[in-house]
Amino acid sequence: MAYALQQLINGVTLGMIYGLIAVGYTMVYGIIGMINFAHGDVFMIGSFLSLIALLGLSALGITSVPLALALTLLFAAAIAALYGWTVERIAYRPLRGSFRLAPLISAIGMSIVLQNFAQVSQGARSKPMTGLIPGGFGLTIEGFTVQLSYVQISIVATTLSMLALFTWLVTRTSLGRSMRACEQDLKMAGLLGIDTDRTISLTFVIGAALAAVAGLMFLLYYGVIDFYIGFIAGVKAFTAAVLGGIGSLPGAVLGGLAIGLIETFWSAYFSTQYKDVAAFSILIIVLIFMPTGILGRADVEKV
Amino acid sequence: MADILSVESLTMRFGGLLAVDSLSFAVRAGEITAVIGPNGAGKTTVFNCITGFYRPTSGRLALTHAGGDGFELQTIPGHNIARRARVARTFQNIRLFAGMTALENLMVAQHNRLMPNVASGLLAVFGLGGYRPIQHAAIEKAKLWLDAIGLMARADDPAGALPYGAQRRLEIARAMCIDPVLLCLDEPAAGLNPRESEELSDLLLRIRGGQVGGGCSILLIEHDMGVVMRISDHVVVLDHGEKISDGTPAEVRNDPHVIAAYLGEGDEDEGHEASAA
Amino acid sequence: MSGTALRSPAARALRDAFLSALVALGIFGVMVGLRTDPGARSLVLSWHPVPVAVAVAIVFFGRLALSGWRIARPAGTAAPRRLAEGMTHAGRYVAPVFLILALTLPLYAGRYYLDLGILVLTYVMLGWGLNIVVGLAGLLDLGYVAFYAVGAYTFAIAATTFGLGFWTCLPLAGLFAAIFGVLLGFPVLRLRGDYLAIVTLAFGEIVRVVILNWVSLTGGPNGISGIPRPTLFGLTFLADGGPGSFADYFGIEPNITQRVIFLFYVILAMALLTNWVSLRLRRLPLGRAWEALREDEVACRSLGINVTVTKLTAFSIGATFGGFAGAFFATRQAFISPESFTFIESAIVLAIVVLGGLGSQLGVALAALVMIGGSEMLRGIIILGVDLVEYRMLLFGIALVVVMVLRPRGLVSGRTPSVSLGRPREISAELVAEGRG
């Protein structure tokens with residue numbers, strides 16, 4: 001019981017991170033109908049940026065952890081947003097309205113570029129970064145101590161506030177309205193005077209910023225990153241987006257939580273080696289039996 | 001004459017929407033039957049049920065071949081409606097294989113004769129299984145249809161590059177290449193100019209009479225009343241998923257229900273289209 | 001915007017270049033400029049301003065040059081299109097020339113180029129195999145490496161456990177891969193487009209993770225070593241010669257190059273077989289049904305074509321060739337491990353198919369030559385003290401993006417009709433669908 005509670009806590013934390021990345025996938029897919037293959041790698045870049053920022057701030061003598069974290073979050077999100085914007089501008093915008101496979105291949109190309117860029121510029125070795133927020137609550141039930149670390153609390157709190165901010169952005173601002181209009185019908189939105197290029201760019205920017213936040217959370221949670229984390233996390237986050245119903249923002253978070261929980265419980269009760277298989281199998285099963293996901297819309301083919 | 005297709009109490013429901021409500025009518029063998037009605041009357045839904053793209057909520061679709069073989073279309077999955085029951089169809093928005101030539105389009109339609117099963121398809125790679133004579137026959141048949149639709153000279157042009165009217169005719173020829181007993185045409189005259197409509201009517205009459213191909217019953221959805229009145233033997237009128245009239249073109253034209261459905265009740269656009277045609 | 005319209009093109013170009021450089025500064029400044037290195041207790045940062053300055057300068061002048069080029073030639077799309085048409089026409093003559101060059105390669109090329117040739121041909125074969133699935137049937141497959149892995153492991157396990165030879169195992173490898181093709185095919189039949197891509201990707205990863213963890217069968221991360229080399233009608237190609245070897249039989253000096261030459265011809269023959277079968281199938285009902293499926297699945301169904309069977313045959317025949325290639329890979333390397341079967345391999349093969357131009361056999365061969373041969377050629381080139389081979393994958397990725405942006409339909413686009421009454425004419429790529437599956 002206590003063990004399960006522990007897994008629940010761990011699963012929710014992990015799920016929050018996946019959810020943040022999944023939002024980026026789901027937004028881009030909703031608007032331009034493509035899998036932004038490079039999104040997982042933007043997340044990876046985001047966690048590298050966070051690492052560099054944290055090291056830089058401590059070198060500058062900023063010792064207050066909350067201040068350092070806040071600055072890091074802003075910095076990583078801003079630079080990652082630049083990455084997101086650039087990726088879209090270089091690899092996707094010229095191919096808008098082109099043959100379907102072309103943007104997919106150029107997205108894969110971008111993913112390879114980002115991965116190897118990080119490897120070449122920062123080295124292939126994994127980067128440890130531990131003990132920034134030590135401690136937590138412990139609760140002993142039936143002889144088993146359930147840990148709720150401060151890291152986990154801050155991850156959940158940050159993610160929730162980010163999502164709240166983002167939901168406000170999408171539902172209450174004119175930018176959000178443009179985004180939703182583009183999602184409904186890109187061509188029509190353009191005809192009605194919405195600057196679709198700008199809206200799409202901003203979608204990538206926001207998605208990348210959220211991915212960078214997820215990158216920071218990942219760094220805090222696992223305490224080690226390398227240039228390859230983007231691929232697996234990206235596939236899992238995409239699974240989350242699909243599971244939740246692609247195009248649906250609450251669905252992405254819900255899907256993220258589901259994947260996080262499944263992965264954690266699977267590792268805890270079955271085997272750690274096959275935890276990725278679990279996530280991928282779920283992806284396959286969901287797509288086959290429930291292609292619209294939990295909160296997605298049905299897509300009926302007209303003949 | 002015997003009925004080739006008998007539609008009995010066909011009902012199709014999409015969620016809360018009742019698209020087709022307990023519809024019954026018959027298509028007689030060797031005739032051209034037209035289904036008309038305002039937009040949204042459920043015509044294409046009926047077609048999609050007959051050709052296996054939708055599974056009807058309830059009702060029966062009984063097809064009887066000239067030899068007496070019977071098929072319950074509502075129980076037959078997907079491609080077997082074309083393959084076994086031999087019901088062919090065209091689409092409202094033309095669905096040709098645009099990147100393949102006119103000839104290739106007609107060859108694809110003869111797929112099941114050219115390749116009865118996967119093994120024979122693979123044997124053909126090594127020149128086994130007597131593929132050559134079958135292929136020769138298939139090309140001859142394609143040529144026959146290219147000639148019938150006046151596209152012999154453009155046999156090697158990609159279908160997507162043909163003029164619109166030619167694409168319509170090619171799609172009909174392609175459907176005919178599966179040797180159907182029933183040909184379902186979804187608005188074949190849509191977008192055609194008067195001369196092309198005339199040619200189309202002639203083509204359909206020749207298909208019905210067996211002057212080209214082996215003879216075939218035709219079921220068509222059409223808004224062009226000129227075409228409908230000229231070639232149909234029998235007209236079924238739908239409105240809001242229900243049959244409101246059924247009879248010869250002359251009977252239907254004078255049916256007050258039909259006039260009301262077309263001109264009244266806010267379906268004005270439809271009325272214009274129909275009367276203009 | 002009216003303000004910018006008034007400015008001269010040169011001023012605008014300068015402004016664009018400046019803005020691009022600013023973005024580049026943001027992008028490279030942190031990731032390149034601040035390097036994390038392991039320090040005494042934790043990571044430490046080191047400051048590298050020179051590479052940043054170089055990168056920003058490259059972006060600035062690159063953007064400037066691009067603007068200049070655009071001003072000089074406003075109709076920028078004409079050139080690549082003409083190039084493509086030229087290549088399509090030249091195809092008839094280029095293919096035989098390539099074939100002759102390949103057949104005679106061992107006469108004039110050394111060991112290094114033979115090895116490179118083997119590598120390129122392996123990718124050519126994989127490309128041609130995947131081309132059946134993606135190019136002809138229009139089914140997007142990002143997990144092709146799974147079949148390559150299944151083929152390799154089938155051969156490796158059969159050879160090391162039961163002592164079977166390469167030629168006995170080759171059909172077995174193909175068969176197992178085909179079975180996996182059907183296994184993958186069944187569940188994904190209803191999926192389309194990007195969903196299909198992501199599921200096939202997941203399938204590839206599942207196969208890899210299973211291989212990695214099923215230690216008793218596959219040796220796990222340690223892989224399988226001691227895989228036998230192929231023989232020529234029972235003659236071996238051992239380095240020390242010995243009885244029953246090729247060198248012994250013909251009474252010549254044993255030489256490791258003999259084996260390389262033999263392997264080269266084996267993969268050449270296998271690749272040509274793949275090509276022959278694909279070309280043959282294209283002219284037969286099955287291949288035509290694949291192409292029709294790519295063009296319009298709904299229309300196929302309305303014509304009585306069994307879409308399920310047609311898709312499964314595409315998956316399984318494509319997989320068979322992947323399996324053959326995998327068996328060859330295993331016998332060539334004599335050692336295999338899960339590291340050789342990562343997603344990146346699938347991505348590379350798919351990229352070769354798309355870069356070559358979907359459905360074009362020659363295009364795929366050219367793309368494999370350029371991408372694989374080209375990136376291997378970087379080995380040993382040293383600019384400014386850095387070995388370019390380190391940047392191999394980075395440059396590969398950049399090349400993918402650049403080629404796609406310039407030529408979304410690949411090097412050789414357009415298709416030749418599979419049957420014709422008169423002289424067959426090329427069909428423009430604009431009309432050819434790429435499938436939604």
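To find a chain, count down the sequence lines: A is the first, B the second, and so on, and within it residues start at 1.
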Do the non-hydrogen side-chain atoms of [X] and [Y] ever get within less than 4.5 Å of each other?
{"X": "A:Val113", "Y": "C:Met393", "value": "no"}
{"X": "C:Tyr391", "Y": "A:Gln119", "value": "no"}
{"X": "A:Ser121", "Y": "C:Arg35", "value": "no"}
{"X": "C:Ile206", "Y": "A:Tyr274", "value": "no"}
{"X": "A:Asp276", "Y": "C:Glu205", "value": "no"}

(request) Any chance you could measure A:Leu55, atom CG, to C:Leu43, atom CG, to the nearest 0.5 Å? (result)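 So the CG of A:Leu55 and the CG of C:Leu43 are separated by 5.5 Å.
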
Chain C heavy atoms under 4.5 Å from [X]: which part of the residue, side chain, backbone, both or neither?
{"X": "A:Ala118", "result": "both"}
{"X": "A:Ile285", "result": "neither"}
{"X": "A:Leu95", "result": "side chain"}
{"X": "A:Val120", "result": "both"}
{"X": "A:Leu82", "result": "both"}

(request) List in chain and number order the residues that pass ring-ring contact (aromatic ring centres under 6.0 Å, His included) with A:Tyr18, two or more places apart in sequence or in another chain; answer none if no residue qualifies. (result)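 Scan of A:Tyr18 (ring-ring contact (aromatic ring centres under 6.0 Å, His included), adjacent residues dropped) gives none.
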
(request) Might you point out which heavy atoms bring C:Val401 and A:Ala91 nearest each other, and give the distance in Å? (result)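 Looks like CG1-CB, 3.9 Å.
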
(message) Minimum heavy-atom separation for C:Leu400 and A:Gly109, please, with both atom names.
(response)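 Heavy atoms of C:Leu400 and A:Gly109 come nearest at CD1-CA, 3.7 Å.
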
Measure [X] against the heavy atoms of chain A and call it side chain, backbone, both or neither at under 4.5 Å.
{"X": "C:Leu355", "answer": "neither"}
{"X": "C:Val210", "answer": "both"}
{"X": "C:Leu395", "answer": "neither"}
{"X": "C:Pro51", "answer": "neither"}
{"X": "C:Leu142", "answer": "side chain"}

(message) Would you say CZ of A:Arg93 has more than 12 non-hydrogen atoms from neighbouring residues, nucleotides or ligands within 6.0 angstrom?
(response)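 Correct, the count exceeds 12.
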
(request) Decide if atom OH of A:Tyr25 counts as having more than 12 heavy atoms of other residues, nucleotides or ligands within a radius under 6.0 Å. (result)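 Correct, the count exceeds 12.
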
Which residue out of [options] racks up the most heavy-atom pairs below 4.5 Å with chain A?
{"options": "C:Leu350, C:Val23, C:Leu201, C:Ile27", "result": "C:Ile27"}
{"options": "C:Val403, C:Val44, C:Val354", "result": "C:Val354"}
{"options": "C:Val32, C:Asp37, C:Val209, C:Asn213", "result": "C:Asn213"}
{"options": "C:Val30, C:Thr36, C:Val199, C:Leu34", "result": "C:Thr36"}

(request) Fit a plane to each ring of A:Phe117 and C:Phe28, take the angle between them on a 0 to 90° scale, and name the class: parallel (under 30°), tilted (30 to 60°) or perpendicular (over 60°). (result)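 Because their plane-to-plane angle is over 60°, the rings of A:Phe117 and C:Phe28 count as perpendicular.
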
(request) Name all pairs fulfilling the salt bridge (charged side-chain N to carboxylate O under 4.0 Å, His left out) condition that reach into residues 74-87 of chain A, sequence neighbours left out, sorted by first residue then second. (result)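 As it turns out, there is no salt bridge (charged side-chain N to carboxylate O under 4.0 Å, His left out) pair with a partner in residues 74-87 of chain A once direct neighbours are skipped.
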
(request) Determine the option with the most heavy-atom pairs under 4.5 angstrom with chain C, choosing from A:Val277, A:Ile105, A:Ile79, A:Ile45. (result)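 That would be A:Ile105.
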
(request) May I ask you to name which of A:Lys127, A:Met129, A:Arg125, A:Met110 has the most heavy-atom pairs under 4.5 Å with chain C? (result)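 Winner by heavy-atom pair count: A:Lys127.
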
